[in-house]
Colleague: 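Just dropping this structure here.
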Amino acid sequence: MLNQNFFNQPTLKVAQDLLGCFIIRKVGRKIIRAKIVETEAYNGPRDLASHASRGRTARNAVMFGPAGMIYVYFTYGLHFMLNIVTGKTGYPAAVLIRALEPVEAINHKSKIINLKFNGPARLTKTLAINKTFNHLPIFTRKHGLWLEKPTRQLQPKQIIRAKRIGVDYAGAYKDKKWRYYLKDNNFVSKK
DNA sequence: CAAGAGATCATCT
DNA sequence: GATGATCTCTTGA
């Protein structure tokens, strides 16, 4: 399992290192396991695309806190977004999980189900993640949501850097290549 | 296909 | 009172 130290590093590094990691969601006896294939970094108080760019508020407070905490927010009146807080306490930053590749989904009858994970709002819906996860740690199995290391180390060539999605309002920060995804992966949210 | 609109509400001004 | 780290559906070529 990924521990808190993993997240207590520069945001751009964590966003890349999360690629290939597995996310595990346990609800009762049902376990869903999927591979992270796309992330975006929201990095620091000056990043105009970040919720933290206009200072600390009730919503974004968790981004200012210790690494490894879950930041879930509600947007467009119907979607939840899943982020993991990174970096030092006091430095507001987080990584948005944008897409997952299905690995296995096992219910109590051991049946494999088709699941939709290609998009930040779709994956939270599929994993039944909502605001109750906000401010909980991801470095414990206690809440039924945690991360595990990749089975194999990724080659740097497998990682694509790109502009972030949906942040055209972010001035000088809208073109930062802080979105990362696995090359040729069919499950990323956009090409 | 691509483009546009609507959904729908917490959050911030 | 406006808007958004999105998604789905509809329209039209």
Side-chain angles (χ1 to χ4, degrees), chain A residues 7 9-19 21 23 25 32 34-87 91-102 113-136 138 145 147 159-182 185-191:
Chain A
F7 303 98
Q9 301 186 81
T11 307
L12 302 185
K13 173 169 169 53
V14 176
Q16 292 171 77
D17 289 352
L18 277 173
L19 294 177
C21 291
I23 187 166
R25 176 78 171 106
I32 299 176
K35 185 162 81 174
I36 297 174
V37 299
E38 181 182 352
T39 62
E40 273 179 10
Y42 288 84
N43 184 16
R46 310 179 72 97
D47 179 0
L48 292 173
S50 169
H51 292 164
S53 67
R54 275 174 286 197
R56 185 181 182 130
T57 65
R59 176 173 66 163
N60 66 26
V62 65
M63 293 182 77
F64 290 77
M69 296 300 171
I70 298 168
Y71 173 37
V72 173
Y73 68 91
F74 184 67
T75 192
Y76 293 107
L78 64 164
H79 298 308
F80 292 105
M81 301 288 183
L82 172 65
N83 303 255
I84 317 295
V85 175
T86 59
Y91 183 82
V95 174
L96 171 69
I97 310 297
R98 283 195 59 91
L100 307 173
E101 176 183 328
I113 313 163
N114 274 337
L115 298 171
K116 289 200 168 185
F117 289 128
N118 53 329
R122 275 202 205 94
L123 69 91
T124 55
K125 189 177 178 192
T126 302
L127 294 177
I129 291 170
N130 55 37
K131 263 191 96 170
T132 63
F133 283 89
N134 196 32
H135 223 298
L136 295 178
I138 195 134
L145 180 67
L147 300 169
I159 298 177
I160 308 292
R161 298 175 58 202
K163 292 178 193 176
R164 294 176 292 180
I165 303 291
V167 297
D168 286 346
Y169 57 84
Y173 283 80
K174 75 181 175 69
D175 294 327
K176 295 280 184 190
K177 293 190 169 179
W178 289 349
R179 170 173 173 245
Y180 304 93
Y181 61 89
L182 292 183
N185 188 282
N186 291 323
F187 297 92
V188 302
S189 65
K190 300 189 176 176
K191 290 167 191 171

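From a predicted model like this one, the values you see are computed outputs, not experimental measurements. Each chain gets a letter, A, B and so on, in the order the sequences are listed, and its residues count up from 1.
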Colleague: Both A/G77 and A/N60 contact DNA chain B. Which one's nearest nucleotide lies toward the 5' end?
Modeller: A/G77
Colleague: Once you round to the nearest 0.5 Å, how far does CG of A/L115 lie from CG of A/L100?
Modeller: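 Between A/L115 CG and A/L100 CG, I get 10.0 Å after rounding to 0.5 Å.
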Colleague: What integer distance in Å separates A/L78:CG from C/dC9:C1'?
Modeller: 13 Å
Colleague: With a 3.5 Å limit on both atom pairs, tell me what B/dT8 is paired to, counting Watson-Crick and G-U wobble, or say none.
Modeller: none
Colleague: Quick one: label A/A121 by what it contacts on the DNA or RNA (base, sugar-phosphate, nothing), any heavy atom closer than 4.0 Å.
Modeller: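 The residue A/A121 makes sugar-phosphate contact but no base contact.
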Colleague: Are C/dA5 and A/Y42 stacked, with the base six-membered ring and the side-chain ring centres under 5.5 Å apart and planes under 30°?
Modeller: yes
Colleague: Output the rounded distance in Å from CZ (A/F117) to P (C/dT6).
Modeller: 19 Å
Colleague: Is the phosphate of C/dA5 approached by A/R179 (side-chain N or O, under 4.0 Å from OP1 or OP2)?
Modeller: no
Colleague: Reckon A/H51 has a side-chain N or O less than 4.0 Å from the OP1 or OP2 of B/dT11?
Modeller: no
Colleague: Provide, to the nearest angstrom, the distance between the CZ atom belonging to A/R59 and the C1' atom belonging to B/dT13.
Modeller: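 Whole-Å distance recorded here is 13 Å.
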Colleague: Looking at every strand, decide which applies to A/K131 at a 4.0 Å heavy-atom threshold: base, sugar-phosphate, or nothing.
Modeller: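 Touches sugar-phosphate only.
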Colleague: Whole angstroms only, please: what is the CZ-P distance between A/F80 and B/dT11?
Modeller: 10 Å
Colleague: Using whole Å, what does the distance between atom P of nucleotide B/dT8 and atom OH of A/Y73 come to?
Modeller: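 One finds 19 Å between P of B/dT8 and OH of A/Y73, rounded.
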Colleague: Using both distances under 3.5 Å as the test, list the Watson-Crick or G-U wobble partner of C/dA5, or none.
Modeller: none
Colleague: Side chains of A/S50 and A/M63, heavy atoms from C-beta outward: is any pair under 4.5 Å?
Modeller: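 Heavy-atom side-chain distance check passes, below 4.5 Å.
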Colleague: To check you understand the geometry: which heavy-atom pair defines the closest contact between A/A41 and A/R164, and what is its length?
Modeller: O-NH1, 2.9 Å
Colleague: Are the side chain of A/T11 and the backbone of A/A93 linked by a donor-acceptor contact shorter than 3.5 Å?
Modeller: no
Colleague: Once you round it to whole Å, what is the distance between P of C/dG4 and CG of A/L96?
Modeller: 16 Å
Colleague: Nearest whole angstrom, please: distance from the P of C/dG4 to the OH of A/Y169.
Modeller: 7 Å
Colleague: Describe the nucleic acid contact of A/F74 in one word from base, sugar-phosphate, nothing, applying a heavy-atom distance below 4.0 Å.
Modeller: sugar-phosphate
Colleague: Just call it for A/R164: base, sugar-phosphate, or nothing, with non-hydrogen atoms closer than 4.0 Å on any strand.
Modeller: nothing
Colleague: In whole Å, what is the span from the CD1 atom of A/I165 to the C1' atom of C/dC7?
Modeller: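 These atoms are roughly 14 Å apart.
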Colleague: As an exercise, state the distance from NZ of A/K13 to CZ of A/F7, rounded to the nearest 0.5 Å.
Modeller: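 Taking NZ in A/K13 and CZ in A/F7, the distance rounds to 12.5 Å.
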Colleague: For B/dT11, does either OP1 or OP2 sit under 4.0 Å from a side-chain N or O belonging to A/R54?
Modeller: no
